[in-house]
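Note sheet for the following structure.
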Amino acid sequence: MSKRRRNSASRAERREKVRDIFVARPFEGLASEADWVALRELVPAATAPLQLSAEYAAKYPDRQVVLATVLPMAWPAMVRGDGTILVGLQRQFQSGDVSRDIAASLLSALDTEVGQTVGVPALPGPGPRLQDVLVDGPLDVTIETGFEFWIAPGADEDPTVKASLDQANESIYPTEHLTAAPGAYWCRVPDKAHVRWVLAEDEDPALDALAKLAAAGALTLGDGTRFAGMFRAHGLLVPVWDVPIDRPGADWEEPLAAVRDGYQRHLDAAEPLTAEERRSRQGLLGRQFTLR
């Protein structure tokens, strides 16, 4: 093969290796899509057990897999001292399909021995996605108050992990998973408190339902609160309310349930917007930004 042809083949190979596909809603089809998005973007420390699909459970029997918001140094995955696999959602690198990224991390971890680093390519390319490797079902989310779950009970502490743990624990802010609606979380950052709700519906009907609530003065959590706007993350809308900092998260369960009920009624009715509601919709769009 001539040098020119070899160089051409090499360039073609490199182009193939970096080929990427963007997926706007990477968690679509998962039962807890809203919670997947929330854990990826909103929640500092949380875990949820995952169950491998039959194909992978047969290949890797007795392996325990736990989803985590973040791992030491934003690793994509790690194998804990007791063999438990932790898969991280908040990581340094990502391709256009986050579902594929996380699935590739999980599959790589399944082939990694305890004490070894899980190798994961920045762009994994085509292959199984989360929807292919997991038994789907509601996530059983546990809000963690620290990252001690990185270390197996009774195991020797890896100095690198321990150092990262101390630093990560300092970054945690109070967070609660609200039961009033899937994908809803309260948090208190140093000088503010918020309720944030990831809506699992398609953007247009979700926005219409929110516009109807806003036009009716019902997009509120009560006195002392303020609808702050919303952002889009992984193809879903996330309304945000500012709430008084001195009140606990549980105080917002009932007000959020009222908003949820009104939102659902408008979704189900799917009636055309009035002129006032269309103005409310434009107002909401003006207070929206895209996170991912």
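The figures that follow rest on heavy atoms only: side chains count, while hydrogens, waters and symmetry mates do not.
For the atom pair Arg196 CZ and Leu42 CG, the distance stands at 4.5 Å (nearest 0.5 Å). Here the CG-OH distance, from Leu110 to Tyr56, works out to 9.5 Å after rounding to the nearest 0.5 Å. The CD1 atom of Ile85 lies 7.5 Å from the OG1 atom of Thr112; values are rounded to the nearest 0.5 Å.
Between the Gln94 side chain and the Ile102 main chain, no donor and acceptor come within less than 3.5 Å of each other. No donor-acceptor pair under 3.5 Å is formed between the side chain of Trp75 and the backbone N or O of Val87. Side chain of Asp242 to main chain of Arg226: no donor-acceptor pair is present (N/O by atom type, distance under 3.5 Å, no hydrogens or angles). Not one N or O on the side chain of Arg279 forms a donor-acceptor pair closer than 3.5 Å with the backbone of Thr274. When atom types are taken as modelled, the side chain of Ser32 and the backbone of Leu139 share a donor-acceptor pair closer than 3.5 angstrom. Judged purely by atom type and a 3.5 angstrom limit, Ser171 uses its side chain to pair as donor or acceptor with the backbone of Ala168. Under a 3.5 Å cut-off, the side chain of Ser108 and the backbone N or O of Val118 do not form any donor-acceptor pair.
A 4.5 Å side-chain heavy-atom check between Leu285 and Gln282 finds at least one atom pair inside the cut-off. Counting heavy atoms from C-beta on, the side chains of Pro239 and Leu210 come closer than 4.5 Å. Between Ile245 and Lys192 there is no side-chain heavy-atom pair separated by less than 4.5 Å. Contact check for Thr142 versus Phe149: no side-chain heavy atoms found under the 4.5 Å cut-off. When side chains are defined from C-beta on, Trp186 does not count as touching Asp251, because their heavy atoms never get closer than 4.5 Å. For the pair Thr69 and Leu39, the minimum side-chain heavy-atom distance is below 4.5 Å. Side-chain contact between Val141 and Val43: absent, with no pair of heavy atoms (C-beta onward) separated by less than 4.5 Å.
The neighbour count for Gln264 CD, taken as heavy atoms of other residues, nucleotides or ligands under 6.0 Å away, is above 12.
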* Before giving the answer on side-chain contact (heavy atoms from CB on, under 4.5 Å), spell out for Val79 and Arg63 the whole-Å C-alpha distance, their side-chain angles and the decisive distance to 0.1 Å. => CA-CA 10 Å; Val79 182; Arg63 298 304 299 268; 4.0 Å; yes
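Applying the side-chain contact (heavy atoms from CB on, under 4.5 Å) criterion to Ser280, with sequence neighbours excluded, gives Ala211, Ala214, Ala215. Contacts of Thr84 classified as side-chain contact (heavy atoms from CB on, under 4.5 Å), with partners at least two apart in sequence or in another chain: Gln64, Val66, Arg80, Asp82, Leu86. With sequence neighbours left out, His177 forms a ring pair (Phe, Tyr, Trp, His ring centres under 6.0 Å) with Tyr185.
The minimum heavy-atom distance between Pro44 and Val70, with the atom names listed, is O-CG1, 3.8 Å. Heavy-atom minimum distance, Ala250 versus Glu176: N-OE1, 3.6 Å.
Using a 4.5 Å cut-off between side-chain heavy atoms of Ile, Leu, Val, Met, Phe, Trp and Tyr, Val189 falls into a hydrophobic cluster with Tyr173.
Using a 30° and 60° split on the angle between ring planes, Trp241 and Phe227 fall in the perpendicular class, above 60°. The aromatic rings of Trp36 and Phe27 sit parallel to each other, their planes meeting at less than 30°, with 60° as the upper class boundary.
Val65 and Val135 fall into different hydrophobic clusters, where Ile, Leu, Val, Met, Phe, Trp and Tyr residues are linked whenever their side-chain heavy atoms come under 4.5 Å apart, directly or through other members.
For residues 252-263, every residue pair satisfying the side-chain hydrogen bond (donor to acceptor under 3.5 Å, both in side chains) rule, not counting sequence neighbours, is listed here: Thr179-Glu253, Glu201-Tyr263. The side-chain hydrogen bond (donor to acceptor under 3.5 Å, both in side chains) contacts involving residues 43-52 comprise Thr47-Glu144, where partners must be two or more places apart or lie in separate chains.
The pair Arg100-Asp132 does not count as a salt bridge, with every side-chain nitrogen at least 4.0 angstrom from each carboxylate oxygen.
Applying the salt bridge (Lys or Arg N to Asp or Glu O under 4.0 Å) test between Arg129 and each of Asp97, Asp136, Asp101 identifies Asp97 as the sole match.
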